[in-house]
Amino acid sequence: MDERDKKILKTLSKQYRNIAAASTEIINLQSIMNLPKGTEHFLTDIHGEYEQFNHVLKNGSGSIRRKIDEEFGNTISNRDKKSLATLIYYPEEKLEIARQEEENIEDWYKISLHRLVQMIKRVSSKYTRSKVRKALPKDFAYVIEELITEKEEIQDKEAYYNEIIHTIIRIGRAPQFIIALSQLIQRLVIDHLHIVGDIFDRGPGPHIIMDTLCAYHSVDVQWGNHDMVWMGAAGGHLACIANVVRMAARYGNLATLEDGYGINLLPLATFAMEAYENANCDVFSIKYNTDYNTKDLSLDTKMHKAMAIIQFKLEGQLIMRHPEFHMEDRMLLDRIDYEKGTISIRGKDYPMLDVDFPTIDPKNPFALTEEETKVMARLQQAFMQCEKLQRHVRFLYSKGGMYKIYNGNLLYHGCVPLNDDGSFAGVEIYGKKYSGKALYDILEYYARRGYYAKDNRERAAGQDIIWYIWAGEGSPVFGKEKMATFERYFIAEKETHQERKNSYYKLLEKEEIVDSILREFGLDNKEAHIVNGHVPVEQIHGESPIKCGGRLLIIDGGFSRAYQKKTGIAGYTLVCNSRGMRLAAHAHFESAHAAIVNESDLFSESIEVETFPRRKLVADTDNGKEIRENIYYLEELLEAYREGTIMEE
């Protein structure tokens, strides 16, 4: 036994002080290894659509309704099943409706409590009592445990359980108990949540989603490019801030910044009203939803244009600082002929839809005006001092990364950059080329330095890399030759709007390509999968999210309303349990209010991706590997106690 192992055993002996304690823990751990693995839930490209996100979390992409069908079969009606499902998803709201509509509320309480207890028993059956106990709400932990634990010593079990429920109702605690049981069912249906990128932008509630994730029991996040730009903005990077504010303006979501995060946009509004008072802002229309207050439309349009121009200036400055980014084609303000109203792109002149730029000096187009500089300084201060945003971004850093290897699967947003021949594309980062896994690792290193580094130069270098991850051709989470934001605003010709994807997207049906990517990340087996977000799958045109015979799954199906006309659906989610992997293709989600009042669950078409040849156990998971290692050292400790090399207490 080497010194390291001796130290480990000495440490263990403080927790398991004798043979009996060590033996008991070995038995406990060995029993856990033989339980079915927990259910993993994968979501991606949520883009601020908080109502649909929350509903999908509540229903487990159909898992709860499936459990209801398994538990009750034909013993209750389909209407009762729908009502029970809605109660589990939205207990507070359904209780309020029941109080108003039910003639005998106590009978309703009794029936609901019995059914919820049955559901708790089913969804908790594959967990240890210890794990279930940790998930129980403190106020009701003892009572719930009594209701879900079989008691062999009690002869009339039905009377025993009925009396507990009767007492709960009699003392007026039924509503609180129903809420606790419903939330516990939601908690137990999903063991672990994966967010495969892009929480932010487009939709109105990324801050609500982030609050939910921060409180979630078990979650990881693979950073998407839209997450990265917010992370850069939180660190104070001006070009990232400009992108975040412009995007919020474009989609009518400035309230997300003002109300959701408390970021003061008054300096920008004042500047935009003055600088763009008489400017043509027609091409900067707002893509707003029905809840947008149109009285703000004129001002928001001016703010939209003001911030877009600031963004293009700041990005031009950044690209000049970093010739190694090879993004000179994104410096477009100096290619405008302001007299002719045209722009030269790749040797061709295009008419501009707008050349009314009161803040651009044609002789020095990338320089901010004094007023623009002040606006950005105020915004930088507001972003960096926003406690809520900083808390959310710290969560992304602590729970997230550029990729994740989990239970033998590889998760990432975007793509692994490839050359046309399928080899890993080299990307220059500060004078050195990286590819494959090494590219992900170096980008993540700089992204973390961009937020946490104390040295100003190191921090600035990291923040510029964060911006590159957002929009650079070599960025794995972007994966396109360019971000054609400028062209989409100012040029009518669609040919300039094209954003050519990396070769990865042409090659991902080839098994040898998928195998090479998995090997690059240390997954050299035929059971591994790649779970991928970022590029919406256009189901409306017959495209399938299942690639390469099920080895690679692209689960972006248009969670964001902005993409749903393109995809034809409202997003995919992936569920992986002990029996297999299942994709849920979601129909359009009307609203939480409609789901509650009409008991209209989110309709999801279920697509079986894979059925495992045998049921997967905890022993087959990453957690199982850790448990196996713990058992090994506990058995070594047991032997040390028996040999007397470590003394029992």
Side-chain angles (χ1 to χ4, degrees), residues 1-38 40 127-131 133-134 191-192 194 217-223 394-412 432 434 436-449 451-454 458 518-525 527-528 616-649:
M1 185 186 302
D2 60 25
E3 286 300 316
R4 176 180 173 274
D5 283 356
K6 286 180 182 177
K7 287 181 180 179
I8 291 172
L9 295 188
K10 282 284 187 184
T11 302
L12 270 181
S13 69
K14 294 175 182 177
Q15 187 174 357
Y16 306 100
R17 296 178 180 276
N18 50 47
I19 288 174
S23 299
T24 300
E25 184 62 9
I26 290 169
I27 294 166
N28 289 340
L29 292 176
Q30 195 63 56
S31 66
I32 291 170
M33 293 277 276
N34 291 293
L35 288 171
K37 76 174 281 294
E40 298 170 57
Y127 299 120
T128 63
R129 285 189 185 181
S130 174
K131 186 164 185 173
R133 193 175 292 123
K134 289 173 184 175
D191 191 50
H192 186 80
H194 304 284
H217 58 271
S218 184
V219 62
D220 58 62
V221 181
Q222 291 70 63
W223 301 331
R394 286 194 300 271
F395 173 85
L396 290 175
Y397 276 108
S398 66
K399 295 290 186 179
M402 292 287 292
Y403 65 93
K404 181 81 172 177
I405 297 168
Y406 193 95
N407 287 344
N409 296 314
L410 174 61
L411 287 58
Y412 53 73
K432 186 177 177 181
Y434 300 86
K437 180 177 178 294
L439 174 61
Y440 278 82
D441 291 337
I442 194 65
L443 290 174
E444 181 169 331
Y445 168 80
Y446 277 111
R448 293 187 183 280
R449 302 314 297 155
Y451 188 76
Y452 287 109
K454 301 298 183 185
E458 188 180 358
L518 288 166
R519 281 196 303 272
E520 173 72 4
F521 286 86
L523 294 170
D524 191 10
N525 65 75
E527 292 184 2
K616 287 203 172 184
L617 306 177
V618 172
D620 302 312
T621 67
D622 294 344
N623 189 35
K625 293 175 185 175
E626 293 180 14
I627 293 173
R628 195 174 290 113
E629 185 177 4
N630 289 341
I631 291 173
Y632 167 80
Y633 282 112
L634 282 165
E635 289 178 345
E636 289 289 300
L637 177 62
L638 208 58
E639 191 65 26
Y641 281 147
R642 287 169 176 158
E643 292 177 350
T645 54
I646 295 178
M647 301 304 293
E648 292 184 81
E649 290 186 17

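Computed over heavy atoms, backbone and side chain alike; hydrogens, waters and symmetry mates excluded.
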Taking all non-hydrogen atoms of both residues, which atom of L12 and which atom of L634 are closest, and how far apart?
CD1-N, 4.1 Å

How many angstroms lie between CG in N623 and CE in M33, if you round to the nearest 0.5 Å?
9.0 Å

Summary of side chain to side chain donor-acceptor pair (under 3.5 Å) pairs that have at least one residue in residues 16-27, sequence neighbours excluded
Y16-E25, R17-E649

Nearest non-hydrogen partners of Q222 and H194, listed with the distance
OE1-CB, 4.4 Å

Atom pair NZ/OG of K6 and S13 - distance to nearest 0.5 Å
13.5 Å

Take K131 and L35, measure what side chain to side chain contact (heavy atoms under 4.5 Å, CB included) needs, and give me the verdict at the end.
CA-CA 12 Å; K131 186 164 185 173; L35 288 171; over 6 Å; no

Between M402 and E444, what is the shortest heavy-atom contact and its length?
N-OE1, 2.9 Å

Would you find more than 12 non-hydrogen atoms of other residues, nucleotides or ligands less than 6.0 Å from E527 atom CD?
no

Which heavy atom in M647 sits nearest to a heavy atom in Y641, and how many Å separate them?
O-CE2, 3.6 Å

So, K7 and E3, do they make that salt bridge, N to O below 4.0 Å?
no

Donor-acceptor check, side chain of E648 to backbone of I19, threshold 3.5 angstrom: yes or no?
yes

Heavy-atom nearest pair, L411 first then D220, reads CD2-OD1, 4.4 Å

Taking side chain to side chain contact (heavy atoms under 4.5 Å, CB included) as the criterion, tell me which of E629, R628, E635 meets it with I631.
E635

Yes or no on side chain to side chain contact (heavy atoms under 4.5 Å, CB included) for Y452 and E458, after CA distance, side-chain angles and deciding distance?
CA-CA 10 Å; Y452 287 109; E458 188 180 358; over 6 Å; no

Looking at Y412, W223, F521, which hits ring-ring contact (aromatic ring centres under 6.0 Å, His included) with Y403?
F521

Main-chain N/O of S31 paired with N34 side-chain donor or acceptor, under 3.5 Å:
no

For R133, does its backbone N or O pair with a side-chain atom of Y127 as donor and acceptor, under 3.5 Å?
no

Output the distance between atom CG (N409) and atom CG (L518), rounded to the nearest 0.5 Å.
9.0 Å

NZ on K10 to OG1 on T645, rounded to 0.5 Å
8.5 Å

What class does the angle between the rings of H192 and Y406 fall in, given that below 30° is parallel, 30 to 60° is tilted and above 60° is perpendicular?
parallel

Hey, what do you get for NZ (K399) to CZ (R394), rounding to the nearest 0.5 Å?
14.5 Å

Could you check F395 against V219 for side chain to side chain contact (heavy atoms under 4.5 Å, CB included), going step by step and ending with a plain yes or no?
CA-CA 11 Å; F395 173 85; V219 62; 3.7 Å; yes

How far apart are the closest heavy atoms of N407 and K37, and which atoms are they?
ND2-CE, 4.1 Å

Would you compute the distance between atom OG of S130 and atom CD1 of I32 and round it to the nearest 0.5 angstrom?
7.0 Å

